[in-house]
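Contents: one structure, followed by commentary.
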Amino acid sequence: MEYSPLSIKELIGEKGDEQKTMDQVDVQVVAEYAAEDADVTWQLRGLFAPLLKEKNQEKVFHEVECPLIEVLVGMEYEGISLDTEALLQISESLVLDIQTSEKTIYEMAGREFNLNSPKQMGEVLFGEMKLVEKPKKTKTGQFMTNEQVLTSLEKKHPICAEILNYRQASKLKSTYVDALPETLNSRTGRIHTTFHQAVAATGRLASSDPNIQNIPIRTERGREIRKAFIPRVSGGLLLSADYSQIELRIIASISGDPGMKQAFEQGVDIHLVTASKVYGIPLDEVSREQRSKSKMVNFGIVYGISAFGLAQRLNISRTESADLIKAYNSEYPGIHKYMEKTIAFAQEHGYVETLTGRRRYLRDINSRNATVRGAAERNAINSPIQGTAADMIKLAMARIHRDLEKGEFQTRMILQVHDELVFELEPIEKEEITKIVEEGMKNALPMDVPIEVDIGVGANWLEAH
DNA sequence: TCTCTGCTCAC
DNA sequence: CAAGTGAGCAGAGAC
């Protein structure tokens, strides 16, 4: 299927020479494209062709996507400031760490090679050092050297941990620390990402040039990078609001499963409750490991689970993972029924849809090839959930943006990261904004379970969490 | 310069 | 074979 994804910048000129400068953009005009001007709406229709293939999609187009356009224009226009001095410091420390790792790895390997080449890495580890008898290979026949493989071999040879350290440091350096400052707009001094409104199959947004939806947070060094995202004025604040467990709440609501609904109504830790149910023990007897495994099962449910996939993720036997899934299905029968019903619907109609009627077509749902069909079945289960979450936050964005304009607030929405919204906060507006954002997010779509939103304020993006 | 591959970052 | 959605980087090779 060939189509041009809608980027707001397509409406305001191509990137590069043709692009209008930020202050030439008439936000109002762009907003009216969709809302009023039928003459221009056809352009949007062209760009949203996949959405409008069926009559049903008109609703998503008019009620979700069109009101969002001016919101995204505003967010791209505002941008976000970057603490380049902090990044420079991180870069220096990464350089030292990378150099040390490099030397150690060369010594352990007995020779120098290009550490950034997975091909050469595989040759060294498995062709020369023979770390394992039967190394896993990629589909092109190269030795596999990814994180999972190296982690599993950490005990066999210290070079594995050193490579993982090297990989992490060089990833952070090349993708974030060195690249982000290059993207600063010379006129505004800020980062202006491009949000893509119609590229993701599920209805999620995507972000590029730079992608601000994959800024590190998991590791200590990664969090340092997130700290470099700061308010535009010194002494200013960022406000971050994120949905708690949104996808599980959506599957609980859509499926109507009483056990999972009750867990959310009572406000208890959903992974703990799941562990208690699956292992058949009281809440206070659940071990860390049991909770952590149950958490992975909950994730697996959202992604469309297979016993094999879960076993691999959890590093447990296939029988154990099959037992976990079996127990899950009987403890949460509503979820199980929902999954079966969704797949049956997809088989009959060739598509699945979200709560607002956003469709995803699944041509492979009746494929005779089990692998291909399995992938389509997982899409059938995941898309309505991920897509409904996307619809919900898109509706919330339009609503909050409208409230900010109506109240003539100085606070601006600046980023969206799937289940999180980030605002450049005018400090004196904090109380009112908190209320507007919380209510806007909670009430975006009618749900049968409580929707929780965590809100934080801080002097940088990390602290706002 | 473009495309593919392998890898890794996020939700 | 075997967990959903994305984007970006470096290497490697085609053109």
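All heavy atoms count here, side chains included; hydrogens, waters and symmetry mates do not. Throughout, protein chains are lettered first and strands after them, A, B, ... in sequence-line order, and every chain is numbered starting at 1.
In this structure, A:Y303 does not count as stacked on the base of C:dA3 under the 5.5 Å centre distance and 30° plane angle limits.
Using modelled atom types and a 3.5 Å distance limit, the side chains of A:R363 and A:Y361 yield no donor-acceptor pair. A side-chain donor from one of A:Q386 and A:T202 sits under 3.5 Å from a side-chain acceptor of the other. With hydrogens and angles left out, the side-chain atoms of A:H192 and A:E78 include no donor and acceptor closer than 3.5 Å.
Side-chain N/O atoms of A:R378 include one lying less than 4.0 angstrom from OP1 or OP2 on C:dG4. Using a 4.0 Å cut-off, no side-chain N or O of A:S383 falls inside it from OP1 or OP2 of C:dG4. Residue A:R204 places none of its side-chain N or O atoms closer than 4.0 Å to OP1 or OP2 of B:dC11. Neither OP1 nor OP2 of C:dC9 sits under 4.0 Å from any side-chain N or O of A:N211. Between A:N379 and C:dG4, a side-chain N or O to OP1/OP2 separation shorter than 4.0 Å is absent.
Heavy atoms of A:V417 sit under 4.0 angstrom from primed sugar atoms or phosphate atoms, though from no base atom. Among the atoms of the strands shown, none is found under 4.0 Å from any heavy atom of A:R373. In this structure, A:A390 reaches neither bases nor backbone, as no heavy-atom distance under 4.0 Å exists between it and the strands shown. Residue-level contact check: A:A201 touches the backbone only, with heavy atoms under 4.0 Å from sugar-phosphate atoms and none from bases.
Contacts between residues 136-162 of chain A and DNA chain B, counted as heavy-atom distances below 4.0 Å, involve A:T138, A:K139, A:T140, A:Q142, A:M144, A:T145, A:N146, A:E147. Contact check of residues 165-172 of chain A against DNA chain B (heavy atom, cut-off under 4.0 Å) returns A:R167, A:Q168, A:K171. At a non-hydrogen distance threshold of 4.0 Å, nothing from residues 310-325 of chain A comes into contact with DNA chain B.
In terms of position along DNA chain C, the nucleotide closest to A:A375 lies nearer the 5' end than the nucleotide closest to the other residue of the pair A:K119 and A:A375.
Taking the six-membered ring where tryptophan is involved, the planes of A:H465 and A:W461 are essentially parallel, since the angle between them stays under 30° and well short of 60°.
Whole-Å rounding puts the A:L415 CG to B:dC11 C1' distance at 14 Å. In this structure, A:M121 places its CE atom 12 Å from C1' of C:dG11, rounding to the nearest Å.
Comparing B:dC7, C:dA7, B:dC9 against the side chain of A:Y176 picks out B:dC9 as the nearest. For A:V199, the side-chain atoms get nearest to C:dA7 when compared with the rest of B:dC11, C:dA12, C:dA7.
Put simply, the side chain of A:Q213 and the base of C:dG6 share no donor and acceptor less than 3.5 Å apart.
Comment: A:E424 does not engage A:R412 in a salt bridge, judged by the lack of any side-chain N to carboxylate O separation of less than 4.0 angstrom.
For the atom pair CD1 (A:I385) and CD1 (A:I254), the distance works out to 7.0 Å, reported to the nearest 0.5 Å.
Looking at A:S152, its side chain does come within 3.5 Å of a backbone N or O of A:V149 through a donor-acceptor pair. Proximity of a side-chain donor or acceptor of A:R373 to a complementary backbone N or O of A:S367 within less than 3.5 Å is detected.
Atom name C1', nucleotides C:dC1 and B:dT8: the rounded distance is 23 Å, in whole Å.
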